[in-house]
Amino acid sequence: MNGNLDVVKKKKIQMTLVLLIMLLITVGTSMLTEFSFAQGIASIPGTIVWMATNLIPGAESMENLPKVLAKLWETIVLSVLSTTTAAIAALFFALLGSKTTKVNQPMAIMSRFIASVFRNIPVVAWALVLVISFGHNVVTGYFALFFTTFGFLVRAFIETIDEASIESVEALNATGATYFQMVFRGVIPESLPQMVSWLFFMIDTNIRSATLVGLLTGTGIGYLFDIHYKRLDYETVGLITICIIVVVIAIEFISNKVRRLIL
Amino acid sequence: MPQVLTMERKDMTEYKTSENKGQQGETLLKVENLYKSYNRNTLVLQNVQMALKQGEFVSIIGPSGAGKSTLLRCINRMIDPTSGSILFDGVEMTTLNKADLRSQRAKIGMVFQHYNLVSRLSVFENVLHGRFGYKSTLQGVLSLFTEEEKKLALEILDKLGMKEFAYKRCDQLSGGQKQRVGIARALVQQPKLLLCDEPIASLDPNSSKVIMDHLKDISETMGITVLVNLHQVDVALKYSDRIIGLNKGSIVYEGIPENLSNMAIRDIYGSEIEDLILE
Ligand SMILES: Nc1ncnc2c1ncn2[C@@H]1O[C@H](COP(=O)(O)OP(=O)(O)OP(=O)(O)O)[C@@H](O)[C@H]1O
Ligand SMILES: [Mg+2]
């Protein structure tokens, strides 16, 4: 009993220490970067007023709506295309990299290493590098999104496979099933809902990333955003932002529906 | 004499008299000089010798970590033994290539503590998975099963009292029902040997009895050899033709249940467990 109390006390002291250290780090870093919280917070009301007056699209910017929607569609297609193709590649690498379904150890390490490299290069860096070889077009955007999505999904899929199907894989292997029988009738049925979840998560992420990538590659909604931003046409910028938000919410809605359907 | 044990022994003798000994015949599985170590320092299995006859019901008992699961999985090469010989149905298992291993595995059914079903598929689909060892990759991937195979699956489900659940998804079943699906999947393989790794460890007493009765029935009426890992001594005494006691990777007891003395139980489980059994 006494020991228990001691443990609780110790935990409390540890927690306090951790909080103190975090506070110190925050103060220290904001001093180093000359970022003042007080100033930052003080400027919030002003920012909101500015946004309300400048970013709410008026009748004039509404004329741009068809153009915005066309570019938005382009961005959605790019995002869906890059995500789904990356998912297929990622599934293949995840099967090789998972400890449950690996073919052999060297290939498992290889697959995880490749995925890790692709994952740890940010999408912006990919876009900047690829723009050199592919130029300012949609292909650059596609590959930039493809690579980061691939890297991320391999990892997510490996975890999904290991979590969902270790036991059924063991049983199928014991019956004398072949590798592909085991994958298609065991691993995929068990992991499908979680994998589809990740797929929608990445489509959603990629629509936002596509906007950023488009800014760099001069395509899609990001390009449009850039143009109007530089023209100081903030109302259209606001319109674009609202459209992106609506699409992302819609995709989340669809994702939930689909997940419930296949679960 | 401890009360529990005397009671169980009466049950057991009933089984003995009703048993059809005539079915037990040739040696189906012969394990010789089997060693297994996961790392160089510790031997998980040491010099294991074991022979199973056709239609025999044999239990392996032993404390946690004794190597029961490892021994079972060495037999169908889910785990590769370090050295030794495993002769199953006239074929040396330890040197098989992939394709031959596959056709040998098809003849060995396996039943697991956690049932290991594909939970999002139906009972019927899971049972048919037992046929994969006999089918080409494409037939398996596309779930192309013959009418006979489907009939066999339904017959087996019927025998286990699970026919009405055939089209239910496995994640909607109780533990005892899931385990019966697990057994059905193993039986659809038309196996010669059934390996059961603690088949009742996650079940309540009633379901446990149902499962053990089915396993016993399988060995008696179908002539299938059943090898079961158990951690309940009383269950092993009640159902087994023969008991193998494993301790720290070595066989320390082997014989008919009647001969399993308290001394032997102490050898298997170590002295600290003794009080538990005698109370
Ligand atoms: N994959 C593995 N890698 C390393 N060591 C292992 C592995 N699997 C089992 N072991 C070790 O081998 C020993 C025997 O394990 P095993 O699972 O065969 O025991 P068991 O008799 O089935 O025990 P339990 O009754 O708890 O299931 C244990 O000491 C365990 O830690
Ligand atoms: Mg075990």
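A, B, ... follow the sequence lines: proteins, then strands. Residue 1 opens every chain.
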Is it the case that more than 12 heavy atoms not belonging to [X] sit under 6.0 Å from its [atom1] atom?
{"X": "B:E155", "atom1": "CD", "answer": "yes"}
{"X": "A:Y179", "atom1": "OH", "answer": "yes"}
{"X": "B:K30", "atom1": "NZ", "answer": "no"}
{"X": "A:E252", "atom1": "CD", "answer": "no"}
{"X": "A:R155", "atom1": "CZ", "answer": "no"}

What's the spacing between [X] [atom1] and [Y] [atom2] if we round to 0.5 Å?
{"X": "A:L172", "Y": "B:N126", "atom1": "CG", "atom2": "CG", "result": "8.0 Å"}
{"X": "A:S165", "Y": "B:R120", "atom1": "OG", "atom2": "CZ", "result": "11.5 Å"}
{"X": "B:R73", "Y": "A:E170", "atom1": "CZ", "atom2": "CD", "result": "4.0 Å"}
{"X": "A:S168", "Y": "B:Y115", "atom1": "OG", "atom2": "OH", "result": "15.0 Å"}
{"X": "A:F184", "Y": "B:L142", "atom1": "CZ", "atom2": "CG", "result": "9.0 Å"}

Would you say the side chains of B:R102 and A:T178 form a donor-acceptor pair under 3.5 Å?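 Per modelled atom types, B:R102 and A:T178 side chains form no pair under 3.5 Å.
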Counting a contact as any heavy-atom pair under 4.5 Å apart, which residues of residues 84-102 of chain A contact chain B?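 Expected list: none.
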Residues in side chain to side chain contact (heavy atoms under 4.5 Å, CB included) contact with A:S79, at least two apart in sequence or another chain: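 Per chain and number, A:S79 pairs via side chain to side chain contact (heavy atoms under 4.5 Å, CB included) with A:T83, A:I203, A:N206, A:I207.
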Are B:K135 and A:Q181 packed together at the side-chain level, in the sense that at least one heavy-atom pair is separated by less than 4.5 angstrom?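 B:K135 vs A:Q181: side chains touch.
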Does the side chain of B:S119 reach to within under 4.5 Å of the side chain of A:E167, using non-hydrogen atoms?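 Sidechains of A:E167 and B:S119: no contact.
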Work out which heavy atom in B:T137 is nearest to a heavy atom in A:F180; give both atom names and the distance.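 Nearest pair, atom of B:T137 first, then A:F180: CG2-CB, 3.7 Å.
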Per-residue contact mode, [X] against chain A (heavy atom under 4.5 angstrom):
{"X": "B:Q104", "value": "neither"}
{"X": "B:S136", "value": "backbone"}
{"X": "B:R185", "value": "side chain"}

Using a 3.5 Å distance criterion without hydrogens, assess whether the side chain of A:R185 forms a donor-acceptor pair with backbone atoms of B:S143.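 Not a single qualifying donor-acceptor pair exists.
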Take A:E190 and B:L121, measure what side chain to side chain contact (heavy atoms under 4.5 Å, CB included) needs, and give me the verdict at the end. CA-CA 8 Å; A:E190 290 286 54; B:L121 296 182; over 6 Å; no
Which residue out of A:P193, A:A164, A:A174 racks up the most heavy-atom pairs below 4.5 Å with chain B?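 With the most close heavy-atom pairs to chain B, the winner is A:A174.
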With a 4.5 Å cut-off on heavy-atom pairs, point out which of A:V169, A:T175, A:I166 contacts chain B the most.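 Option with the greatest count: A:T175.
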